[in-house]
Every structure is written in C-alpha cells, then in structure tokens.
Amino acid sequence: MNKAPTRHRIVIVGGGAGGLELATRLGDRVGHAVDITLIDRNRTHVWKPKLHEIAAGSMDLSVHEVDYLAQAHWHRFRYRIGEMTGLDRERRRILVAPSHDADGREITPLREFGYDTLIIGVGSQSNDFRTPGVNVHAMKLESQADARRFHARMVDACIRAHAQAAPLRPEQLKVAIIGAGATGVELAAELQRTTREVLAYGLDRVDPDKDLQVTLIEASDRVLPALPPRLSRVTQEMLAGLGVKVHTGVRVAEVLRDGVRLADGRLLPAELVVWAAGVKAPEFLGNLGLETNDVHQLVVRPTLQTTRDDAIFALGDCAACPWRDGTVPPRAQAAHQQALHLYRQVRRRLAGKPLQEYHYRDFGSLVSIGKFGTVGHMLGGLVGRSFMVEGAFARLMYLSLYKKHELTLHGPAKVALETLSRVIARRTRPLVKLH
Ligand SMILES: Cc1cc2nc3c(=O)[nH]c(=O)nc-3n(C[C@H](O)[C@H](O)[C@H](O)COP(=O)(O)OP(=O)(O)OC[C@H]3O[C@@H](n4cnc5c(N)ncnc54)[C@H](O)[C@@H]3O)c2cc1C
C-alpha cells in the first residue's frame with residue numbers, strides 16, 4: 001500500500017557506529033510520522049572497534065551482531081539492503097546497486113530511493129597509499145567478513161604447523177601488522193594472547209615461545225603516533241613485555257606472499273600480513289557532485305550539511321567536519337556524538353527551525369592492550385587538561401564507549417540482560433573461538 005506522499009522521507013545510508021544509532025533514535029521518536037529508511041550493504045551490524053577481537057577470536061560475533069531487519073522492525077524504520085553507488089540531486093534520489101547471494105544469484109535489483117533528507121554515514125576504509133602487494137597479499141580489518149577471514153587463517157596456520165612433519169618455514173606462524181595506531185596495537189596484543197590459547201587446545205607440537213611471533217611495523221618514530229609521547233612509551237613497554245616485536249621509523253616498500261619488504265631493504269618473513277595504516281572514505285563519494293577532500297570525505301559545514309546541498313548531511317568517518325586547524329578525527333566517539341546531534345537537527349528541520357552547529361567534544365583516546373591493560377589519555381573538562389589513565393579505570397572508560405552504543409540501540413533493560421548473559425556464557429564457553 002502506498003504511503004501518503006506528504007510524509008517526509010529520511011534516507012540514511014550506512015548503518016554503522018553513527019548511522020544505526022541515528023536511525024534507531026529517529027525511528028523511536030518520529031518513526032510514526034515520517035518515513036525513515038536505512039540502507040546498508042550488509043545484513044548485520046557489528047561495532048567496528050570490536051573487529052580486532054573477532055579477528056583474534058576473543059569475541060563471539062553472534063553475541064554482538066545486530067540484525068538490521070529486526071532492529072528496523074523494533075524501532076519503526078525500514079531497512080533495505082544494498083550498496084549506494086550514485087546520486088541524482090535534482091530528482092532527490094539515490095541509486096543502489098543490485099545485491100547478490102554467495103552463489104552470485106541476484107537478490108535485489110538496481111533500485112532508486114527518493115529522499116527529502118539524505119544522511120550519508122558510509123564510514124571509511126584503510127588507505128594503502130598504493131603500496132605494492134597490499135591488495136593481493138595483505139588482509140585488512142574493515143568488515144566482519146575481513147575479521148572472520150583473518151581468524152580462520154590464523155587458526156588454520158596453527159593447525160597446519162602442528163600437523164606438518166617438516167620443520168616450519170621462516171614465515172610460518174609469523175604475523176606482521178603494518179600500522180601501530182590503536183587498531184594495530186590492539187590487534188597485536190590480542191593476537192599475542194589468543195594464538196597461545198588456540199595452541200593450548202592440544203596443538204602441542206608447536207612451541208609458542210619459539211615459533212609464534214607478532215610484529216608491529218610503524219612508519220613514524222613511535223607507536224600510537226596520534227597520542228601523547230608518554231602514552232606511546234608505556235604502550236611500547238607493555239607490548240615488549242608481551243613479546244610483541246615493534247619496528248618504528250620504518251616504511252613498508254612492498255607486501256610479498258611470504259612477508260614484508262621494508263624501504264631499507266630488510267625482509268620480514270610473515271605468513272599473515274595485516275594492513276592497518278591510514279584511512280580514507282569510499283571513493284564513490286567523489287562522484288556524487290558533492291564537495292570532497294583528498295581522502296574522499298564529504299566536506300560538511302558545522303551543521304553537518306554538505307557544502308553544496310542543504311538537504312544532504314554526512315556523519316562519522318566519511319564526513320570532513322571542521323575542527324580546530326583540521327577536521328574531526330575518524331573515531332567512534334565522533335560518530336556517536338554526530339548521530340545524537342543529527343537526531344536533534346533532523347527534528348528541528350522537520351519543525352522548520354534553524355539548524356544548530358555541531359562542536360566535537362574530544363574526551364581523549366583509550367587503547368586496549370588485550371586482557372593485559374588499557375591505557376589512554378583523557379581530556380578532562382574537570383581539570384581542563386590532558387591526563388594519562390591506566391588500569392581498571394581506563395578499562396572501564398574503554399568499555400563505556402561500547403555500552404553507550406549498545407544503550408542507544410537497545411535501551412537499558414535489554415543491555416543489562418545481555419551483559420549478564422555474556423558474563424555467564426564466558427564461564428561456560430571456551431575463552432577463544434576456534435571457528
Ligand atoms: C579495527 C578497528 C578498531 C577501531 N577501534 C576504535 C577505537 O578503539 N576507538 C574509536 O573511537 N574508534 C575506533 N575505530 C574507528 C571507528 O570504528 C570508526 O570511527 C566508526 O566506526 C565510524 O563510524 P561510522 O558510522 O562513520 O562508520 P562505520 O561504523 O564504519 O559504518 C559504516 C557503514 O556503512 C556501510 N556502507 C559502506 N559503504 C556503503 C555503501 N556504499 N552503501 C551502503 N552502505 C555502505 C558499512 O557496511 C557500515 O555498516 C576502529 C576502527 C577499526 C576498523
């Protein structure tokens with residue numbers, strides 16, 4: 001049955017850290033009065049900062065993934081699967097490519113969706129800076145599929161090494177992670193622990209201390225280059241204590257089938273290579289007729305409206321929003337804040353009120369070093385300056401960011417029940433996922 005043509009049509013593209021929160025909030029409050037459609041190329045949502053835990057096997061994906069169809073049903077918005085590829089600004093329609101199943105059969109045809117307000121939150125992907133071999137030989141951690149693929153290859157590598165009669169080849173059971181930002185550091189620490197736990201399930205012909213090696217490679221002169229130097233020192237000491245090898249001040253010239261060639265000519269053998277350096281927005285954003293920057297982000301005004309079209313907004317990693325001398329950093333806390341801001345602005349827009357500006361509030365950054373610790377720096381409104389945090393308090397702050405996301409999606413009652421069931425499940429299930 002056709003809806004009355006007078007209903008305002010809100011289309012949100014990208015159901016990530018920002019987009020799904022926005023669709024849920026809007027659906028809850030105004031879903032009875034306007035048409036809200038969320039479009040995502042995937043069927044389920046996983047909060048991206050959890051990807052390294054899926055890759056390492058320390059998180060059970062099924063417990064944390066959110067099914068878009070069910071979420072839409074419970075929160076009064078519509079979900080449509082598909083990948084946005086084009087935009088017709090004059091007719092106010094977006095173009096969504098056909099979707100296919102694993103065997104290549106078409107599920108949905110090429111479609112168009114009309115909008116009155118369009119919000120684009122398609123996130124970012126890693127930037128390989130055209131380094132040779134990355135696309136062919138390195139893995140990335142951009143999606144659930146990437147994380148699952150990495151995990152399967154890691155477990156296979158352990159089983160293969162255990163089963164083979166011949167001595168291990170130099171690259172076997174070596175993991176090289178390129179980029180020592182938060183993602184690289186967190187993955188290295190998590191892997192260092194989980195690979196040992198996988199081997200402890202009876203793969204006793206492999207000696208973890210002798211055979212396993214996780215190496216972190218960073219072009220700048222310290223790990224976590226975006227954070228204060230003191231934090232880098234503490235983190236590097238923690239990583240060394242865990243047995244992670246760290247190479248700083250070295251550039252990767254090429255990724256090979258069995259390792260990494262550095263710009264100074266050295267070869268680091270590796271069976272698994274992960275590219276975790278740099279981010280850029282999806283390239284199709286540059287073909288929409290909207291203003292983009294050199295990493296394909298949509299340039300937005302402080303209201304989060306794109307510079308060339310008042311009806312089109314952007315949020316999260318794909319938005320270049322002015323902040324200090326640059327732009328708001330691509331972080332989950334920014335996507336969360338912008339989703340809340342846009343929720344309020346869309347309501348103002350529906351009420352015909354002028355829009356307010358978004359101001360990024362930087363609360364600092366936290367990095368989880370696996371089960372061994374969490375470090376970070378907080379920007380305290382209370383003390384007015386940056387201070388370092390470590391240990392239980394830092395861990396609590398780190399977990400609270402995800403809890404905020406879950407609370408927005410599910411509300412307090414469901415989150416409390418799910419947290420309790422996870423705690424119970426943790427006592428009965430293996431610590432590390434094997435498949
Ligand atoms: C491994 C990893 C660890 C991280 N750790 C942290 C951390 O500890 N702290 C922190 O603050 N940040 C962290 N980040 C960054 C954080 O995840 C992002 O800043 C945040 O997810 C951005 O939210 P978003 O809504 O902009 O995009 P995303 O959460 O990336 O969501 C984008 C969505 O758009 C969909 N999409 C993409 N293209 C299309 C298209 N063409 N059509 C339809 N749908 C599309 C995707 O499927 C996805 O669902 C991490 C990122 C990674 C990859």
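Every number for a ligand or one of its atoms is a count from 1 in the order of the listing.
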Under 4.0 angstrom from ligand 1, any heavy atom of [X]?
X	value
Glu83	yes
Tyr402	no
Ser126	no
Gly121	yes
Cys318	no
Phe284	yes
Pro282	no

*Should Asp310 and Arg301 count as an ion pair when the cut-off is N to O under 4.0 Å?*
yes
Just to confirm my output: which protein heavy-atom neighbour is closest to [atom], and how far is it?
atom	answer
atom 31 (O) of ligand 1	Gly16 CA, 3.1 Å
atom 43 (C) of ligand 1	Gly82 O, 3.4 Å
atom 19 (O) of ligand 1	Asp317 OD1, 2.8 Å

Could you report the tightest heavy-atom contact between [X] and [Y], atom names first, then the distance?
X	Y	value
Val367	Ala182	CG2-CB, 4.2 Å
Lys140	Asp146	O-CB, 3.0 Å
Thr306	Asp309	OG1-O, 2.9 Å
Leu285	Thr292	O-CG2, 3.5 Å

*What part of Leu187 sits under 4.0 Å from ligand 1 if we count only heavy atoms: the side chain, the backbone, both or neither?*
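Contact part for Leu187 vs ligand 1: neither.
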Per-atom contacts of ligand 1 with [X], taking only distances under 4.0 Å to non-hydrogen atoms:
X	answer
Gly123	26 (O), 27 (O), 30 (O), 32 (C)
Gly316	26 (O)
Tyr68	49 (O)

*Please work out which of the three classes, parallel, tilted or perpendicular, describes the rings of His45 and Tyr68, given edges at 30° and 60°.*
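Taking His45 first and then Tyr68, their aromatic rings sit tilted (interplane angle of 30° to 60°).
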*With Pro322, which residues qualify under side-chain contact (heavy atoms from CB on, under 4.5 Å), at least two apart?*
Pro302
Heavy-atom proximity to [atom], best of [options]:
atom	options	value
atom 9 (N) of ligand 1	Pro49, Ala97, Gly18	Pro49
atom 8 (O) of ligand 1	Glu142, Glu21, Glu186, Met84	Glu186
atom 33 (C) of ligand 1	Asp40, Leu401, Val367	Asp40
atom 10 (C) of ligand 1	Ala147, Ala55, Ala332	Ala332

With a 3.5 Å distance limit and no angle check, can you tell me whether [X] reaches the backbone of [Y] through a side-chain donor-acceptor pair?
X	Y	answer
Thr24	Leu409	no
Asp221	Gly249	no
Arg80	Ile39	no

*Calculate, to the nearest 0.5 Å, the distance between atoms CD and CG belonging to Glu83 and Asn42 respectively.*
9.0 Å
